[in-house]
Q: 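Sharing a structure with you now.
Being a predicted model, the structure only gives us computed values, none of them experimental.
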Amino acid sequence: MSASNDAIAVARLPVDPGPAGWDAILPAGDRYAPLSADHTVDWLVVGAGFAGLSAARRLRQLCPGDRIAVVDATRVAAGPAGRNSGFMIDLPHDLTSHDYGGGVDRDRVAIAQNRAAIDFAAGAAADYGMDTGAFARAGKVNGAASARGDGLNRAYAAHLSALGEQHRWLDAAAMAQLTGTDYYTSGLFTPGTAMIQPAAYIRAMARGLTAEGIEIFEDTPVTALDRENGWVARTPGARLQAGRVILAVNGHAQSFGFYPGRLMHVFTWASMTRALTADEAAALGGAPAWGITPAHPLGTTVRRIEDHDGVARIIIRNRFTYEPGMEASPTRLKRIAEGHRRAFAARFPGLNAVEMEHVWGGRLCLSWNDAPAFGELRPGLFAACCQNGLGTVKGTLSGMRAAELAVGEASPALDVFQAQPGPARLPPGLAVGAPAYLRWQEWRAGREV
């Protein structure tokens, strides 16, 4: 865990490549001023993503009279929360597995936890007036584009049958009817995933929380934490005194000095088309909105959405790159954008005239043993970090549970979450081995990419 004393200097601040496309396509939203004067609260949440805003909402439920503040180093919905693909997945989705599945007993526990998080998100969606574009329990499809992908989907279907979970096989004709393309050979539909517009969801969460009296400060990076009558967060503009603090910064827990040698920093990448014209959307056909995760975990995720103006866009996400410094170069962004273009053209050859309007990267944090970085780090300082590539659902879950732990709200659900081991120490040689492993897995994925 480390960070052995009570004066914590933050080693680095977030750097996100490219614009957060989901945020960029929305109308101008609410802005939250940076912290500019010294301030005192009962609770400080660092990070305004899925974990941080879920922690703040849970704190408000448990401590209705307390003063709660959330700070974020960037703009709300412009960081990693606005950069994911928008799948809140209830079923096992282990990115290090060949077909997402794991042990039956472990997966049953994970499913129950994931569904608790999705229920929590659904409650926020209802309370804060989100429309179905921001949050909808629409289900998703594991799409296969090769015989290997078909085999992976069949293995996953067998695993779901052993778990007693609903699923429906889609043949090539059904996939073409859904997507408008004949690229896919089969699909596996599962009904429990919530599909979200991540930036719209996060913006609505922030707006709802401020209406409940929670203060949010954008563009307010924490540069140091000192234990002093509780905790003092130092920011470029002022000091913020808090009785207790929840760190909801995912991989940047390491920037605060915690979990050295135990967190893997990976970027995943996405491109979003410009709005399709009415003629282009009609020529493509298919359903107006759908989401496909790849049969192979390192394949290509694809979504078709209708944005706030009711026009169609397509999002392509693939490529995982190991970035131990938590930054990625503009050269990498440019090269990956070219790969996205190829993946798009392979799937939608009739849309060759459609340009990519936004290209971006998003930071993931993984642990070697798929464990969260969670718990009380120091007296009054709690972590809700390391979401293992599933920030929407696992971030929501860890934020909820961190708030309960910090308040002392005991429950069997918290006991189960706390029973997980901490992140294991990373093996030596990862800087060489991880990129090679990712390239090999992408090669094995073949047409799924």
Side-chain angles (χ1 to χ4, degrees), residues 10 13-16 19-61 63-64 66-84 121 124-125 127-130 134-135 196-225 231-242 244-250 252 308 360 362-363 384 391-392 395-396 399 402-403:
V10 179
L13 298 177
V15 178
D16 296 304
W22 292 104
D23 190 52
I25 65 172
L26 291 174
D30 298 331
R31 293 301 305 267
Y32 305 95
L35 183 69
S36 59
D38 288 357
H39 196 46
T40 300
V41 294
D42 299 300
W43 295 93
L44 170 62
V45 179
V46 183
F50 288 91
L53 296 185
S54 298
R57 175 171 164 84
R58 190 71 180 119
L59 287 173
R60 174 54 75 228
Q61 292 172 342
C63 307
D66 284 7
R67 298 163 297 173
I68 302 166
V70 180
V71 299
D72 198 277
T74 60
R75 284 189 54 200
V76 169
R83 294 167 179 270
N84 63 79
D127 288 350
Y128 302 148
M130 298 185 205
F135 180 94
I196 65 173
Q197 205 288 29
Y201 175 90
I202 289 292
R203 282 196 194 183
M205 277 281 281
R207 189 164 53 249
L209 292 172
T210 56
E212 294 174 352
I214 292 173
E215 298 176 287
I216 295 178
F217 300 98
E218 290 182 322
D219 297 318
T220 301
V222 172
T223 57
L225 280 171
W231 289 91
V232 173
R234 302 182 187 276
T235 77
R239 293 161 38 108
L240 203 158
Q241 176 86 47
R244 283 165 285 185
V245 176
I246 295 175
L247 287 183
V249 293
N250 207 13
H252 273 282
H308 67 282
W360 67 90
R363 289 175 278 118
T392 56
T396 299

Q: When rounded to the nearest 0.5 angstrom, what distance separates CG in L225 from CG in L247?
A: 6.5 Å

Q: Should the ring pair Y201 and F50 be called parallel, tilted or perpendicular, given that the plane angle runs from 0 to 90° and is split at 30 and 60?
A: parallel

Q: Which pairs with one or both residues in residues 74-84 pass salt bridge (charged side-chain N to carboxylate O under 4.0 Å, His left out), sequence neighbours excluded?
A: none

Q: Taking L35's backbone N and O only, do any of them form a donor-acceptor pair with T220's side chain (distance below 3.5 Å, no angle check)?
A: yes

Q: Please name the pair of heavy atoms, one in A48 and one in I202, separated by the smallest distance, quoted to 0.1 Å.
A: O-CG2, 3.9 Å

Q: So, S54 side chain and A51 main chain: donor-acceptor pair closer than 3.5 Å or not?
A: no

Q: Would R363 and D16 pass as an ion pair if we require N to O under 4.0 Å?
A: yes

Q: So, taking the atom named CG in L44 and the one named CD1 in I246, what distance separates them when rounded to the nearest 0.5 Å?
A: 9.0 Å

Q: With a 3.5 Å distance limit and no angle check, can you tell me whether R60 reaches the backbone of E212 through a side-chain donor-acceptor pair?
A: yes

Q: Within a strict 4.5 Å, meaning less than it, do heavy atoms of the D72 and E218 side chains meet?
A: no

Q: Nearest 0.5 angstrom please: M130 CE to I196 CD1, how far?
A: 8.5 Å

Q: Measure the CZ-CD1 distance between R207 and I216 for me, rounded to the nearest 0.5 Å.
A: 10.5 Å

Q: So how far is it from L59 CG to I68 CD1, rounded to the nearest 0.5 Å?
A: 5.0 Å

Q: Once rounded to the nearest 0.5 Å, what's the spacing between atom CG of D127 and atom CE of M205?
A: 10.0 Å

